[in-house]
Amino acid sequence: MSSSPTVRTARRRTLRVAAAALTAAAALALTACSGSDAAGTKPAGHSDKDMAAAGSSGTNSSAKAQGSDAPPSPGAKADAKAGAAGKQSGGAPAADGGRAASPVRTQRLADGISKAEIYKLGDQRYSAKIVARGAVLATLETKGHDDGLDANDMFVTLTLDGQVHSWMGGGHQGPGTFKLAGGWTAKVTKVGELRYRAQIIGHDGVAATLEANQHDVGLDANGVYVVLSSGGVISAHE
């Protein structure tokens, strides 16, 4: 009978020791978790270099995302304008590093509907956009010689000094020999598909030769303006 209290006392001591051990284990677990959070946990299998690279990538992605919302720089706007002009047929010439040039003047043409926007590109080099109802119909450009256009029986010339002349009608269909304004004679011959040649003949013989090779051409013959089309039509006006 005297041994029962001793057994109960031993059991109480055993329970107290177990409880203390559990408390210590919990404290160690909390300390380990706290230390892990302070140091920054890393996914398993990734080194410090991998994490640094990931952080750098995230920064770059964020910067790109912010940059996409930012307004484009003046250079980017100029490039965009240059790209849009290049897509449009007969678009405005570019100057000053890609910025769209402004015409030196605008001139109404003989049909009363169209107009020519004249641009200076350099020394004795000009360009003229033929515009009607907001649409660019054609572009003339002087590249060491005058240029010309047959626009549905309206003839237009652009000279080396940037002058535009236009008139209606008066065309002759080549091949053949025709009398022109100003006392000139034109001898038109066909030399290929959409390719015609015209000799401009004066009192002293052949003064000039025009050749339209899939492209209309023009000439200022001492104040008489001549156009030869790629279809063999020739017209002159003074």
Side-chain angles (χ1 to χ4, degrees), residues 88-93 103-121 124-238:
Q88 182 180 10
S89 175
V104 294
R105 71 179 185 281
T106 300
Q107 178 177 330
R108 185 69 60 183
L109 299 179
D111 64 356
I113 300 172
S114 307
K115 64 181 180 179
E117 296 179 355
I118 299 111
Y119 299 82
K120 184 171 184 179
L121 307 180
Q124 289 193 329
R125 187 177 177 190
Y126 287 83
S127 175
K129 289 196 306 179
I130 309 303
V131 181
R133 297 184 178 91
V136 179
L137 304 180
T139 300
L140 300 176
E141 186 173 335
T142 60
K143 296 179 180 179
H145 53 75
D146 305 328
D147 200 3
L149 172 70
D150 176 3
N152 295 326
D153 210 36
M154 179 179 73
F155 299 91
V156 185
T157 60
L158 174 65
T159 63
L160 284 170
D161 58 355
Q163 299 302 311
V164 170
H165 300 269
S166 65
W167 65 95
M168 300 295 297
H172 304 279
Q173 177 64 62
T177 300
F178 312 99
K179 291 292 184 180
L180 301 180
W184 295 103
T185 298
K187 183 179 179 180
V188 180
T189 56
K190 184 174 182 178
V191 293
E193 186 65 26
L194 294 177
R195 185 177 177 185
Y196 285 81
R197 182 180 295 129
Q199 291 179 316
I200 309 302
I201 304 169
H203 298 297
D204 300 326
V206 177
T209 300
L210 290 172
E211 187 161 331
N213 184 4
Q214 300 185 9
H215 186 281
D216 301 346
V217 291
L219 173 68
D220 175 4
N222 295 331
V224 177
Y225 304 98
V226 184
V227 169
L228 174 66
S229 76
S230 60
V233 175
I234 192 165
S235 181
H237 187 266
E238 60 180 340

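Please read all numbers here as calculations on a predicted model, not as lab measurements.
Residues G148 and L140 come closest through the heavy atom pair O-CD2, 3.5 Å. Of all non-hydrogen atoms in V233 and F155, the two that sit nearest each other are CG1-CZ, 4.0 Å. Across all non-hydrogen atoms, the minimal contact from S127 to L121 is CB-CD1, 3.8 Å. Across L137 and S114, no two heavy atoms sit closer than the pair CD1-OG, 4.4 Å.
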Decide side chain to side chain contact (heavy atoms under 4.5 Å, CB included) for V226 and L210; before the verdict, give the C-alpha distance in whole Å, the side-chain angles of both, and the deciding distance to 0.1 Å.
CA-CA 9 Å; V226 184; L210 290 172; 3.9 Å; yes
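Residues I200 and I234 meet the side-chain proximity criterion, which asks for heavy atoms closer than 4.5 Å. Residues T157 and D147 form no side-chain contact, since every pair of their non-hydrogen atoms from C-beta on lies 4.5 Å or further apart.
Listed by chain and number, the residues in a salt bridge (Lys or Arg N to Asp or Glu O under 4.0 Å) with R125 are E141 (sequence neighbours excluded). For D161, the side chain to side chain donor-acceptor pair (under 3.5 Å) partners at least two apart in sequence or on another chain are T159.
Rounding to the nearest 0.5 Å gives a distance of 9.5 Å between CD1 of I130 and CD of E117.
For residues 180-210, no residue pair satisfies the ring-ring contact (aromatic ring centres under 6.0 Å, His included) rule, not counting sequence neighbours.
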Got a list of side-chain donor-acceptor pairs under 3.5 Å for residues 186-195, not counting sequence neighbours?
residue : atom : partner : partner atom : Å
R195    : NE   : E211    : OE2          : 2.8
R195    : NH2  : E211    : OE2          : 2.6

Would you mind writing out the side-chain donor-acceptor pairs for residues 214-223 within the sub-3.5 Å range, not counting sequence neighbours?
residue : atom : partner : partner atom : Å
D216    : OD1  : S230    : N            : 2.9
D216    : OD2  : D150    : N            : 3.0
D220    : OD1  : G223    : N            : 2.9

Show me, pair by pair, the donor-acceptor contacts under 3.5 angstrom made by side chains of residues 162-174, not counting sequence neighbours?
residue : atom : partner : partner atom : Å
H165    : NE2  : Y225    : OH           : 3.0
S166    : OG   : A110    : N            : 2.9
W167    : NE1  : S235    : OG           : 2.9
Q173    : NE2  : G231    : O            : 2.8

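The closest donor-acceptor contact from the side chain of T142 to the backbone of Y126 lies under 3.5 Å. The closest donor-acceptor contact from the side chain of D146 to the backbone of L160 lies under 3.5 Å.
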